[in-house]
Enquirer: 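Before anything else, here's the structure in question.
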Amino acid sequence: MRRVIFNQKGGVGKSSITVNLAALAAERGRRVLVVDLDAQCNASQYLLGRHDEVTPNVGQFFAQTLSFKLKEKPLSDFVHATRFERLSLIPSNPELMEIEQMLESKHKIYKLAAALKSLQPSYDEIYIDTPPAFNFYTLSALISAQSCLIPFDCDAFSRRALYSLLDNIAETQRDHNPDLRVEGIIVNQFQPRASLPQRLVEELRGEGQPVLRSTLSSSVIMRESHEQALPLIHLAPRHKLTEEYSALYEEISG
Ligand SMILES: Nc1ncnc2c1ncn2[C@@H]1O[C@H](COP(=O)(O)OP(=O)(O)O)[C@@H](O)[C@H]1O
Ligand SMILES: [Mg+2]
C-alpha cells in the first residue's frame with residue numbers, strides 16, 4: 001500500500017501525520033517506508049533526530065536521473081534505517097528546490113512511481129510526505145500512490161483550498177493515475193467544543209466529502225514529540241492523542 005499525505009497548505013499536519021501513522025504501523029509489525037519529498041525535511045528530522053544533511057537522499061535520487069551518463073542507482077540505495085524497528089526512511093534534501101525545474105523540463109514525472117513500485121515488495125506500507133504546494137514532487141507522489149490522505153485544519157481558508165485540492169487529485173487520477181483514491185480527509189487539531197470547527201466539519205460531511213470518523217485533537221505533546229524526535233507511540237503510548245492516532249490507523253486499515 002502506498003499512501004500520500006497531501007495538502008497544498010502548510011502547517012496542517014502532513015509531516016506529523018506521515019511520521020506518526022508510519023511509526024504506528026511499524027510498531028504493529030508492518031514493514032514501513034517513509035519517503036520525505038519536502039525540501040524542508042521535517043519528516044526526516046522527526047524520524048532521524050538530526051538536522052544536518054543526510055546522504056544518500058531523495059534529492060540525489062532525482063538528480064541522478066538528469067544525467068544520462070550515470071547509471072541510475074535503484075531507490076533502495078537511498079533507504080536509511082531509523083532507530084525504530086521495521087521503520088525505514090528515504091530522507092529529503094534542500095537540493096530538491098534547485099533541481100525541480102530541470103526535472104520538470106526533462107519530463108521525469110514518472111521516475112518516482114516506477115522506482116516505488118519496484119520497492120513495494122520489500123514493504124507493507126509506504127507513506128509519502130509532500131511539500132505545501134502542488135508542484136513536481138507532489139504530482140510525482142500522487143502518481144506513485146494508491147491512496148491519498150488529506151490533513152485538514154478546520155479553518156475557512158483551508159476549506160476553500162480543499163476544493164481546488166480535490167480538483168487537482170481528480171485531474172491527476174484522470175491524466176496519470178486511475179488507481180489513486182482519496183482515502184479520506186483527516187481533521188487535525190480539532191476542537192470539538194468550538195462551534196466553528198464543528199460546523200465546518202458537519203458541512204463537509206453534509207456535502208458528502210470523505211471526512212474520516214477519527215479526528216485528532218490539539219496537544220502540546222506533538223511539539224514535544226517533534227523536539228525529542230520520538231513519534232507519539234514511543235514518546236507517550238497512552239496519551240489521548242496517541243490513542244486518537246491509533247483509532248485513525250485502525251479506521252484506514254479497515
Ligand atoms: N495534533 C496536533 N496538536 C498540536 N500541534 C500539532 C498537531 N499536529 C501538528 N501540530 C503542529 O503543527 C505544526 C505543523 O505541523 P506539520 O506536521 O509540520 O504540518 P505540515 O507538514 O502540513 O506543514 C507543527 O509545529 C506541529 O507540531
Ligand atoms: Mg511538512
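Every heavy atom of this structure was used, including side-chain atoms; hydrogens, water molecules and symmetry mates were not. The chain is numbered in sequence order, starting from 1. Both ligands and their constituent atoms are indexed starting at 1 by order of listing.
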Enquirer: Taking all non-hydrogen atoms of both residues into account, name the closest pair between Q173 and V182 and its distance.
Expert: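 So the minimum-distance heavy-atom pair works out to NE2-N, 4.5 Å.
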
Enquirer: Looking at ligand 1, does any of its N/O atoms fall within less than 3.5 Å of an N/O of S15?
Expert: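 Yes, at least one N or O pair falls under 3.5 Å.
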
Enquirer: Once you restrict to heavy atoms under 4.0 Å, what part of N188 touches ligand 1? Side chain, backbone, both or neither.
Expert: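 Looking at N188 and ligand 1, just side chain atoms fall under 4.0 Å.
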
Enquirer: Identify, for atom 3 (N) of ligand 1, the protein heavy atom at the shortest distance, and state residue, atom and that distance.
Expert: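 That would be S219 N, 3.0 Å.
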
Enquirer: Using the side-chain contact (heavy atoms from CB on, under 4.5 Å) rule, pick out the option among T130, V4, I126, L89 that qualifies with V35.
Expert: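 Among T130, V4, I126, L89, the one that satisfies the side-chain contact (heavy atoms from CB on, under 4.5 Å) with V35 is I126.
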
Enquirer: For atom 11 (C) of ligand 1, what's the nearest protein heavy atom and its distance?
Expert: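 Looking only at protein heavy atoms, the one closest to atom 11 (C) of ligand 1 is Q189 NE2, 3.9 Å.
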
Enquirer: Return all protein N, O or S atoms below 2.8 Å from the Mg ion (ligand 2), chain by chain in residue order.
Expert: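 Listed by chain and number: S15 OG.
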
Enquirer: Between S225 and Y46, do the side chains contain a donor N or O and an acceptor N or O under 3.5 Å apart?
Expert: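 S225 and Y46 do have a side-chain donor-acceptor pair below 3.5 Å.
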
Enquirer: Provide the closest heavy-atom pair for L241 versus M222 in the form atom of the first, atom of the second, distance.
Expert: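 So the two residues come closest at CD2-CE, 4.0 Å.
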
Enquirer: Could you please spell out the steps behind the side-chain contact (heavy atoms from CB on, under 4.5 Å) verdict for I169 and I150?
Expert: CA-CA 11 Å; I169 295 173; I150 304 164; 3.8 Å; yes

Enquirer: Which of these, R3, R2, R28, R31, sits in a salt bridge (charged side-chain N to carboxylate O under 4.0 Å, His left out) with E125?
Expert: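 The salt bridge (charged side-chain N to carboxylate O under 4.0 Å, His left out) with E125 is passed solely by R3 among R3, R2, R28, R31.
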
Enquirer: Should G10 be listed as contacting ligand 1, given a heavy-atom distance under 4.0 Å as the test?
Expert: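 Within the 4.0 Å threshold, so yes.
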
Enquirer: Taking atom types as modelled, find out whether Y249 and E27 have a side-chain donor-acceptor pair closer than 3.5 angstrom.
Expert: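 Not at all, the side chains of Y249 and E27 share no donor-acceptor pair under 3.5 Å.
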
Enquirer: Using protein heavy atoms only, decide if any is under 4.0 Å from atom 14 (C) of ligand 1.
Expert: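 Yes, there is a protein heavy atom closer to it than 4.0 Å.
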
Enquirer: Indicate yes or no: does E244 engage K240 in a salt bridge with an N to O separation below 4.0 Å.
Expert: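 Looking at E244 and K240, the cut-off is met.
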
Enquirer: Name the one of D38, T138, V12 that satisfies side-chain contact (heavy atoms from CB on, under 4.5 Å) with P132?
Expert: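 It is D38; the other options fail the test.
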
Enquirer: Can you list the ligand 1 atoms lying under 4.0 Å from a non-hydrogen atom of G11?
Expert: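 Heavy-atom distances to G11 below 4.0 Å select 14 (C), 19 (O), 20 (P), 22 (O), 23 (O).
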
Enquirer: List the steps, then state whether side chain to side chain donor-acceptor pair (under 3.5 Å) holds for D129 with S15.
Expert: CA-CA 6 Å; D129 190 20; S15 303; 2.7 Å; yes

Enquirer: Is the contact between S16 and ligand 1 made by the side chain, the backbone, both, or neither, using heavy atoms and a 4.0 Å cut-off?
Expert: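 Contact part for S16 vs ligand 1: both backbone and side chain.
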
Enquirer: Is it true that, when you exclude E85 itself, more than 12 heavy atoms of the residues, nucleotides or ligands shown sit nearer than 6.0 Å to its CD?
Expert: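 At most 12 heavy atoms, drawn from other residues, nucleotides or ligands, come within 6.0 Å of this atom.
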
Enquirer: Starting from atom 19 (O) of ligand 1, find the nearest protein heavy-atom neighbour and note its residue, name and distance.
Expert: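 Result for atom 19 (O) of ligand 1: G13 N, 2.9 Å.
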
Enquirer: Using a 4.0 Å heavy-atom cut-off, say whether S217 meets ligand 1 through its side chain, its backbone, both or neither.
Expert: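 Backbone only.
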
Enquirer: List every atom of ligand 1 that sits less than 4.0 Å from any heavy atom of V12, numbering the atoms from 1 in the order shown and giving each element.
Expert: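 Matching atoms, with element in brackets: 19 (O), 20 (P), 22 (O).
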
Enquirer: For the backbone of C154 and the side chain of S158, can you confirm whether one donor and one acceptor N or O come within less than 3.5 Å of each other?
Expert: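 Absent.
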
Enquirer: Kindly confirm or rule out an N or O of M222 lying under 3.5 angstrom from an N or O of ligand 1.
Expert: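 No.
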
Enquirer: How about CD on Q101, more than 12 heavy atoms from neighbouring residues, nucleotides or ligands closer than 6.0 Å, or not?
Expert: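 Count not over threshold, so no.
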
Enquirer: Examine K9 against ligand 1 and note whether any of their N/O atoms are separated by less than 3.5 Å.
Expert: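 No - when backbone and side-chain N and O of K9 are compared with those of ligand 1, no distance drops under 3.5 Å.
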
Enquirer: Would you say atom 25 (O) of ligand 1 touches the protein, meaning some protein heavy atom is under 4.0 Å from it?
Expert: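 So atom 25 (O) of ligand 1 lacks protein heavy-atom neighbours under 4.0 Å.
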
Enquirer: Assign the ring pair F78 / F61 to parallel, tilted or perpendicular, where the plane angle (0 to 90°) is split at 30° and 60°.
Expert: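 Rings of F78 and F61: perpendicular, over 60°.
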
Enquirer: Heavy atom under 4.0 Å from ligand 1: found in L216's side chain, backbone, both, or neither?
Expert: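 Looking at L216 and ligand 1, no heavy atom falls under 4.0 Å.
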
Enquirer: Which ligand 1 atoms does S218 reach within 4.0 Å, using its non-hydrogen atoms?
Expert: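 Close to S218: 3 (N), 4 (C).
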
